[in-house]
Structures are given as structure tokens and as C-alpha cells.
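A quick note: this is a predicted structure, and the numbers were derived from the prediction, not measured.
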Amino acid sequence: MTGAALPREFYARPTVDVARDLLGMQLIHRVDGTVRRGRIVEVEAYVGAHDLASHSSRGVTPRTSVMYGPPGHAYVYLIYGMHHCVNVVTEPAGHGAAVLLRALEPLDSLAGNTRGPGLLCRTMGITLARNGIDLTGDVLFITLPPEAERFEIVQSARVGVAYAGDWADAPLRFSIAGNPYVSRASGSRR
DNA sequence: TGCCGGATCCTG
DNA sequence: AGGATCCGGCAA
């Protein structure tokens, strides 16, 4: 069984709060009659149009329109011409903020690596076909874990945003301390 | 219309 | 360390 999808109010909050609260939650994708499920262990917050590392910093464009839409929807994009990344839109519509899901601990029906945003999408089967989908539905959604868990949260700089000026070093990456499925931010970049 | 570069990953 | 691979965004 799967629990109920988190309600829209969960997403309509400050992005950093949503990011931290997503750790330990379960991401679920129904596809081809199976339920793929993983535990969220690493995320990054992209806090709004003023965040130079965020796609929304370019304003409302065809690509970023979902980010500027209502909270609780998935923003999926193609990166490097071959990988997908999935975000959850946060804050009230018009804000342009989202949380990038970077790594999962595999739970059900996950055959493959989920350690990194591109791998997470590949193994969960998330593609551009899911861009804009409502996360309060029953296809792609997030639930509370069956029982509460305790863990420490590690906070660090986001990966791959060295170009973002003053925002490059903002500590907006959050992960579960000691979890083996957290991605290795290969070379903190420069 | 053309070009530049990226919220990545794999191989050597 | 370098290549794959393509589209969005901006300059011209």
C-alpha cells in the first residue's frame, strides 16, 4: 500500500523548509502497473528569481513556466542533452522556487542507481512526459514514511552552480547524515 | 538564425 | 580528464 500524497499546503511554504522536510519522505511513481518507491535522502533548494543558480532567475520562459506555476507540481528538465532532473515546485504561484530531488535510497521496484539527480530520474522512469504533473495526484507523488524517523541533516553548498556568483556557495543542499545513497558531489567544483 | 553552455554521468 | 548530446536563452 501507499500512503496519501502530501497535500498542496506542504509545498506552499518557504522552500528551505520544504527541502528539509522532504528528507526521509517517500517518492512514488506508478508506471507500467508497478509502484516504484524510494526514500529521499538528498535535495537542493532553488529559492526564487533572485537566486542566480535557479532557472527561474531568467524570468518566466517556456521552460521555467512550471516553476512559476502553483506549488505541488513537478518541474522536469533535460540537462546536458541526455539526463533528466526532477524538482517539486514550492511557495505560492509566481514565486519561481523549487526543490531538486538529488538522490534516493531504493525501496520498491527500483533496479538501478538512484544516487544523483540524473540517475534518480532514469531509475524511477521520470522523463519530460512528467513535466508539470500534479504531485497531489496518484501517478507521481510523495508520502510520509510509515513511521517517523530520526536523523541528522547535513547542509552544504549546491552542486554544479559555480557560475552563480554570490549564490554559488549558499548552503542550500541538504542530505541525511551518513546515508550511503547520498551522491558524491564529485569534486566540489571550482 | 546561430552559438554557447549546462542543477550530469560514464569511461579511460 | 574528456566526451556524449540537445535545447533553452540570448546576441546578432
inquiry  = So A/I79, base contact, sugar-phosphate only, or nothing? Heavy-atom distance under 4.0 Å.
reply    = sugar-phosphate
ask   = Heavy atoms under 4.0 Å, any strand shown: does A/G81 hit a base, just sugar-phosphate, or nothing?
value =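 Base contact.
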inquiry  = Can you tell me which residue among A/R39, A/Q26, A/R115 is in a side-chain hydrogen bond (donor to acceptor under 3.5 Å, both in side chains) with A/E105?
reply    = A/R39
query = Between A/Y68 and A/S56, is any pair of side-chain heavy atoms under 4.5 Å apart?
reply = yes
message = Taking the side chain as everything from C-beta on, heavy atoms only, tell me whether A/L107 gets closer than 4.5 Å to A/R36.
response =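 No, side chains not in contact.
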Roughly how many Å is it from [atom1] in [X] to [atom2] in [N], rounded to a whole number?
{"X": "A/L119", "N": "B/dA7", "atom1": "CG", "atom2": "P", "answer": "17 Å"}
{"X": "A/L100", "N": "B/dG6", "atom1": "CG", "atom2": "C1'", "answer": "13 Å"}
{"X": "A/H83", "N": "C/dC7", "atom1": "NE2", "atom2": "P", "answer": "15 Å"}
{"X": "A/H84", "N": "C/dT5", "atom1": "NE2", "atom2": "P", "answer": "14 Å"}
{"X": "A/L101", "N": "B/dT8", "atom1": "CG", "atom2": "P", "answer": "13 Å"}
{"X": "A/R122", "N": "B/dA7", "atom1": "CZ", "atom2": "P", "answer": "20 Å"}
{"X": "A/E42", "N": "B/dA7", "atom1": "CD", "atom2": "C1'", "answer": "11 Å"}
{"X": "A/L120", "N": "B/dC9", "atom1": "CG", "atom2": "P", "answer": "9 Å"}

Opposite nucleotide pairing with B/dT8, Watson-Crick or G-U, both atom distances under 3.5 Å =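 Matched B/dT8 with C/dA4 under the 3.5 Å cut-off.
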Drop me the distance from [X]'s [atom1] to [Y]'s [atom2], to the nearest 0.5 angstrom.
{"X": "A/H29", "Y": "A/D108", "atom1": "NE2", "atom2": "CG", "result": "14.5 Å"}
{"X": "A/Y75", "Y": "A/H73", "atom1": "OH", "atom2": "NE2", "result": "15.5 Å"}
{"X": "A/L144", "Y": "A/E149", "atom1": "CG", "atom2": "CD", "result": "10.0 Å"}

Just to confirm, is there a sub-4.0 Å distance from OP1 or OP2 of [N] to any side-chain nitrogen or oxygen of [X]?
{"X": "A/R102", "N": "B/dT8", "result": "yes"}
{"X": "A/Y163", "N": "B/dA7", "result": "yes"}
{"X": "A/H55", "N": "C/dG8", "result": "no"}

ask   = Does A/Y46 stack onto the base of B/dA7, taking stacking as ring centres under 5.5 Å apart and planes under 30° apart?
value = yes
Out of [options], which has the shortest distance to the side chain of [X]?
{"X": "A/Y80", "options": "C/dC6, B/dA7, B/dG6", "answer": "B/dG6"}
{"X": "A/M82", "options": "C/dT5, B/dT8, C/dC7", "answer": "C/dT5"}
{"X": "A/N87", "options": "C/dG9, C/dC7, B/dA7", "answer": "B/dA7"}
{"X": "A/T61", "options": "C/dC7, C/dG9, B/dA7", "answer": "C/dG9"}

key: Inter-nucleotide C1' distance (C/dG2, B/dG5), Å rounded   =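 C/dG2 and B/dG5 have their C1' atoms separated by 16 Å.
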request  = May I ask you to verify whether the side chain of A/Y77 and the base of B/dA7 hold a donor-acceptor pair under 3.5 Å?
outcome  =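 For A/Y77, whose side chain was compared with the base of B/dA7, there is a donor-acceptor pair (under 3.5 Å).
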